[in-house]
Amino acid sequence: MQLATWNVNSLKVRLPQVLAWLAQNPVDALCLQELKLDHDKFPLQAFKEIGYHASWAGQKTYNGVAVISRAQGLNETRNIPGYDDPQQRVIATTLPFGQESIRVISAYCPNGQSLDSDKYVYKLDWFKAFAQWLKVEKQTHRHIAVLGDYNVAPKDEDVHNPEKWVGQVLVSDPERAALAALVDLGFTDAFRLFEQPPKSFSWWDYRMNSFKRNAGVRIDHVLLSESLVPHCQSCIIDKGPRGNEQPSDHTPVIATLSF
DNA sequence: ATGGCGCTGCATCAGCGA
């Protein structure tokens, strides 16, 4: 089974690229973030035509998440239950995993803007609520994969130029602690299960030729419950789509699991 | 130190992203 995540920065603009990518990479589930689409504008038909189902949570202009899947999902959950938030940042669905099932969650964690911003306070608060909910999810689901844009680079090795990022969002100690708190619930960063090329990133700024210079950060992650770790065969970043014409600023991360 | 790029919308610029 293959699971992938991709922040597409507008599904309306990126739909042809997503469809083309799925044709080349027929993964079992693709988690999308930043749809930037009103819920009713989701292009379900386009995915149906290529043999996929979808669960999504959309809103006008900002945010929005989806799980595109080969199988029909069950027990869909939108956003963090009990956490009152108009921003659509979470969609969860349960998919078949061999004879068992797997809870697949697509998450778009807040950016935070800057360390002195209200949005930074919201980011840390959101992570706390997300962790509380994941703790509950872990009690009801054995296999859980949480894929998405976490907007946190876990370590300095995940940042092209750590010195320049000091004091900025994505790398601050409280953000890294918030991500670590999720991991400590019993998850593993699938990417780091394997030897990886140095300077592996999943996001590059549109400006300053960042992609050409590989001046990126690794903020898109696949977290696997410990039950899934022995099943994980690989986890790779597909840099291809970042080189497309009119690309998203993020590129897909793909994990392969065996039953 | 600033802006740079791209997307959105009661738009012709501002808010936001990371």
Side-chain angles (χ1 to χ4, degrees), chain A residues 5-18 21 31-43 56-66 85-90 106-127 130 147-179 191 199-221 237 239 241-253:
Chain A
T5 182
W6 191 5
N7 178 325
V8 290
N9 184 20
S10 171
L11 184 56
K12 184 181 165 190
V13 172
R14 233 66 67 190
L15 181 62
Q17 293 181 42
V18 173
W21 189 83
C31 296
L32 300 175
Q33 300 86 36
E34 282 206 88
L35 307 182
K36 295 187 171 181
L37 279 178
D38 206 28
H39 192 76
D40 299 336
K41 300 270 170 59
F42 186 84
W56 72 96
Q59 68 178 95
K60 204 173 175 182
T61 314
Y62 299 121
N63 308 306
V65 284
D85 188 354
Q87 302 188 31
Q88 302 298 310
R89 295 184 175 278
V90 173
S106 178
Y108 175 45
C109 307
N111 169 273
Q113 197 164 62
S114 64
L115 301 199
D116 59 0
S117 167
D118 290 346
K119 297 191 180 74
Y120 183 77
V121 177
Y122 163 68
K123 179 175 192 173
L124 295 179
D125 191 59
W126 188 94
F127 265 93
F130 192 46
L147 298 90
D149 176 1
Y150 286 78
N151 269 314
V152 178
K155 293 184 177 171
D156 279 354
E157 65 182 320
D158 302 307
V159 181
H160 77 283
N161 192 345
E163 312 80 52
K164 281 204 171 168
W165 279 81
V166 172
Q168 302 202 54
V169 286
L170 313 191
V171 303
S172 73
D173 287 342
E175 290 166 88
R176 284 176 168 172
L179 177 58
F191 192 72
K199 304 281 182 189
S200 287
F201 306 124
S202 65
W203 175 87
W204 298 262
D205 200 309
Y206 283 121
R207 297 164 290 190
M208 300 173 293
N209 279 317
S210 297
F211 184 56
K212 244 178 212 170
R213 298 186 295 116
N214 195 31
V217 290
R218 190 176 71 91
I219 54 176
D220 300 271
H221 309 302
I237 293 173
K239 285 178 75 168
R242 186 61 180 79
N244 287 351
E245 287 290 318
Q246 204 177 12
S248 168
D249 42 1
H250 296 252
T251 212
V253 184

Trainee: Would you check, one step at a time, whether the test side chain to side chain contact (heavy atoms under 4.5 Å, CB included) holds for A:Tyr206 with A:Asn9?
Mentor: CA-CA 12 Å; A:Tyr206 283 121; A:Asn9 184 20; 3.0 Å; yes
Trainee: Taking CG from A:Leu11 and P from B:dT8, how many angstroms apart are they, rounded to a whole number?
Mentor: 10 Å
Trainee: Is the distance between the ring centroids of A:His39 and A:Trp56 under 6.0 Å?
Mentor: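 Yes, ring centres under 6.0 Å apart.
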Trainee: Side-chain N or O of A:His250 less than 4.0 angstrom from OP1 or OP2 on B:dG17?
Mentor: no
Trainee: Taking CG from A:Asn244 and C1' from B:dG6, how many angstroms apart are they, rounded to a whole number?
Mentor: 15 Å
Trainee: Can you measure A:Asn111 atom CG to B:dC7 atom C1' for me and round it to whole angstrom units?
Mentor: 15 Å
Trainee: A:Gln168 vs A:Leu115, test: side chain to side chain contact (heavy atoms under 4.5 Å, CB included). Steps then yes/no.
Mentor: CA-CA 6 Å; A:Gln168 302 202 54; A:Leu115 301 199; over 6 Å; no
Trainee: Round to the nearest Å and state the distance from A:Arg89 atom CZ to B:dG17 atom C1'.
Mentor: 10 Å
Trainee: In whole Å, measure the gap between the C1' atoms of B:dT12 and B:dA1 for me.
Mentor: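 That atom pair is separated by 28 Å.
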Trainee: Write down the distance between CH2 (A:Trp203) and P (B:dG17), rounded to a whole number of angstrom.
Mentor: 12 Å
Trainee: Report yes if the side chains of A:Gln17 and A:Trp6 come closer than 4.5 Å at any heavy-atom pair, otherwise no.
Mentor: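 Touching, per the 4.5 Å side-chain cut-off.
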Trainee: Please say which of A:Ile237, A:Val253, A:Thr251, A:Asn151 ends up in a side-chain contact (heavy atoms from CB on, under 4.5 Å) with A:Asp220.
Mentor: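 Only one of A:Ile237, A:Val253, A:Thr251, A:Asn151 forms a side-chain contact (heavy atoms from CB on, under 4.5 Å) with A:Asp220, namely A:Val253.
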Trainee: Could you tell me how far B:dG6 sits from B:dA11 if I compare only their P atoms? Round to whole Å.
Mentor: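 To the nearest whole Å, 23 Å.
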Trainee: Taking the nucleotide of DNA chain B with the nearest heavy atom to each, does A:Leu35 or A:Val217 sit closer to the 5' end?
Mentor: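 Its nucleotide being nearer the 5' end, the pick is A:Leu35.
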Trainee: Name the nucleic acid region contacted by A:Phe201, choosing base, sugar-phosphate or nothing; use a 4.0 angstrom heavy-atom cut-off, strictly under.
Mentor: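 The residue A:Phe201 makes no contact with any strand.
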Trainee: Is the phosphate of B:dC7 approached by A:Gln246 (side-chain N or O, under 4.0 Å from OP1 or OP2)?
Mentor: yes
Trainee: Between atom CD in A:Glu34 and atom C1' in B:dC5, what is the gap in whole Å?
Mentor: 14 Å
Trainee: Say we look at B:dC10 and B:dG15: how far apart would their P atoms be, to the nearest angstrom?
Mentor: 15 Å
Trainee: Using side-chain contact (heavy atoms from CB on, under 4.5 Å) as the criterion, point out the one residue from A:Asn63, A:Val65, A:Leu11 that pairs with A:Leu35.
Mentor: A:Leu11
Trainee: When you compare B:dG9 with B:dG3, how far apart are their P atoms, in angstrom units rounded to a whole number?
Mentor: 26 Å
Trainee: If you compare every side-chain N and O of A:Ser10 against the phosphate oxygens of B:dT8 (OP1, OP2), does one of them come in below 4.0 Å?
Mentor: yes
Trainee: Think A:Asn9 has a side-chain N or O under 4.0 angstrom from the OP1 or OP2 of B:dG6?
Mentor: no
Trainee: Using whole Å, report how far CH2 of A:Trp204 lies from P of B:dG17.
Mentor: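 Distance check: A:Trp204 CH2 to B:dG17 P gives 21 Å.
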Trainee: Establish, with yes or no, whether the OP1 or OP2 oxygen of B:dG17 is under 4.0 angstrom from a side-chain nitrogen or oxygen of A:Arg207.
Mentor: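 Indeed not, no polar side-chain atom of A:Arg207 lies that close.
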Trainee: To the nearest Å, give me how far apart CD (A:Gln168) and C1' (B:dC16) are.
Mentor: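 Atom-to-atom, A:Gln168 to B:dC16, this comes out as 16 Å.
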Trainee: What's the gap between B:dT8 and B:dA18 when it is taken at their P atoms, as a whole Å value?
Mentor: 14 Å
Trainee: Taking only side-chain N and O atoms of A:Asn7, does any of them lie within less than 4.0 angstrom of OP1 or OP2 on B:dA18?
Mentor: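 Indeed, a polar side-chain atom of A:Asn7 lies that close.
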Trainee: Output the single nucleotide from B:dA18, B:dC7, B:dC5 whose closest atom is nearest the side chain of A:Lys36.
Mentor: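 Within the option list, the nearest is B:dC7.
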Trainee: Which of the following nucleotides, B:dA18, B:dT8, B:dC10, is nearest to the side chain of A:Lys60?
Mentor: B:dC10
Trainee: Say we look at B:dT2 and B:dC13: how far apart would their P atoms be, to the nearest angstrom?
Mentor: 23 Å
Trainee: Any base atoms under 4.0 Å from A:Val169, or only sugar-phosphate, or nothing? Heavy atoms, all strands.
Mentor: nothing
Trainee: Between A:Tyr206 and B:dC16, does any side-chain N or O lie under 4.0 Å from OP1 or OP2?
Mentor: no
